[in-house]
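Notes to accompany the following structure.
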Amino acid sequence: MHTDATLVVDFLNTVDIEHGEDVLDNPELWRRWAEEHELSPGEGDDARAARDGLRAAVGDPRLPGASLEVPLVFSLDDGGPSLRGTDATSTILAAATRLAIRGDWVRLKICPADDCLWAFYDESRNRSRTWCSMRVCGNREKARTWRARATGVHN
């Protein structure tokens, strides 16, 4: 079972900048991704628009902001109201909407390393995490900064 945060982050990371791979470039890979997340794949073009829009909204510097409207399903039963989608894209957007309603949207971030840009969910108490991985991207940036200071090069 995926949480809203893991589903949205997994979807944002269907593009891998470092390795130049994009699940949405291959209909079979997209179908497999959706099925692994127990979703119906729906249209790949809708998925790309949703992913790019969501990535831009959480800070991917390569992408312009965009507007997107996708129908979602509201239901009410004995357990209360729920918001859901009918396919992978609308289900992911429903999860993103629930994150926003709960105030957790701000925890979705994009790693600022130009060669990474990996999406992650900041679980730190004060929401101050910057890097997808301090051991990898954070250390690379610290090493670059140290080398620049040591050689007298300033950005």
Any side-chain donor near an acceptor of the partner, Asp87 and Thr89, under 3.5 Å: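 The answer is no; no qualifying pair exists.
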Thr3 side, atom OG1; Leu99 side, atom CG - distance, nearest 0.5 Å: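 Reported value, rounded in 0.5 Å steps: 7.5 Å.
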CG-CG distance between Leu68 and Leu54, expressed to the nearest 0.5 angstrom: 7.5 Å
Please check if the side chain of [X] supplies one atom and the backbone of [Y] the other of a donor-acceptor pair under 3.5 Å.
X	Y	answer
Asp115	Ile17	no
Arg98	Ala5	no
Lys109	Arg129	yes

Within the structure provided, determine whether [X] and [Y] are in side-chain contact (heavy-atom separation under 4.5 Å).
X	Y	result
Leu12	Asp60	no
Trp118	Ile110	no
His2	Glu38	no
Thr91	His37	no
Leu24	Val15	no
Asp22	Arg51	yes
Leu7	Leu39	yes
Asp104	Asp4	no

Salt bridge (charged side-chain N to carboxylate O under 4.0 Å, His left out) evaluation trace for Arg31 with Glu35: CA-CA 6 Å; Arg31 184 193 60 74; Glu35 287 175 358; 2.4 Å; yes
Member of Cys137, Pro61, Cys111 meeting the side chain to side chain contact (heavy atoms under 4.5 Å, CB included) criterion with Leu117: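 Testing each of Cys137, Pro61, Cys111 against Leu117, the sole residue satisfying side chain to side chain contact (heavy atoms under 4.5 Å, CB included) is Pro61.
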Any residue meeting salt bridge (Lys or Arg N to Asp or Glu O under 4.0 Å) with Asp25, in chain and number order, not counting sequence neighbours: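 Here the qualifying residues are Arg48.
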Partners meeting side-chain hydrogen bond (donor to acceptor under 3.5 Å, both in side chains) with Glu21 (sequence neighbours left out): none
Worked verdict on Asp46 versus Val70 for side chain to side chain contact (heavy atoms under 4.5 Å, CB included): CA-CA 9 Å; Asp46 290 345; Val70 174; over 6 Å; no
Atom CG of Asp16 with >12 non-hydrogen neighbours under 6.0 angstrom: yes
Salt bridge (charged side-chain N to carboxylate O under 4.0 Å, His left out) pairs, two or more places apart, involving residues 6-15: none
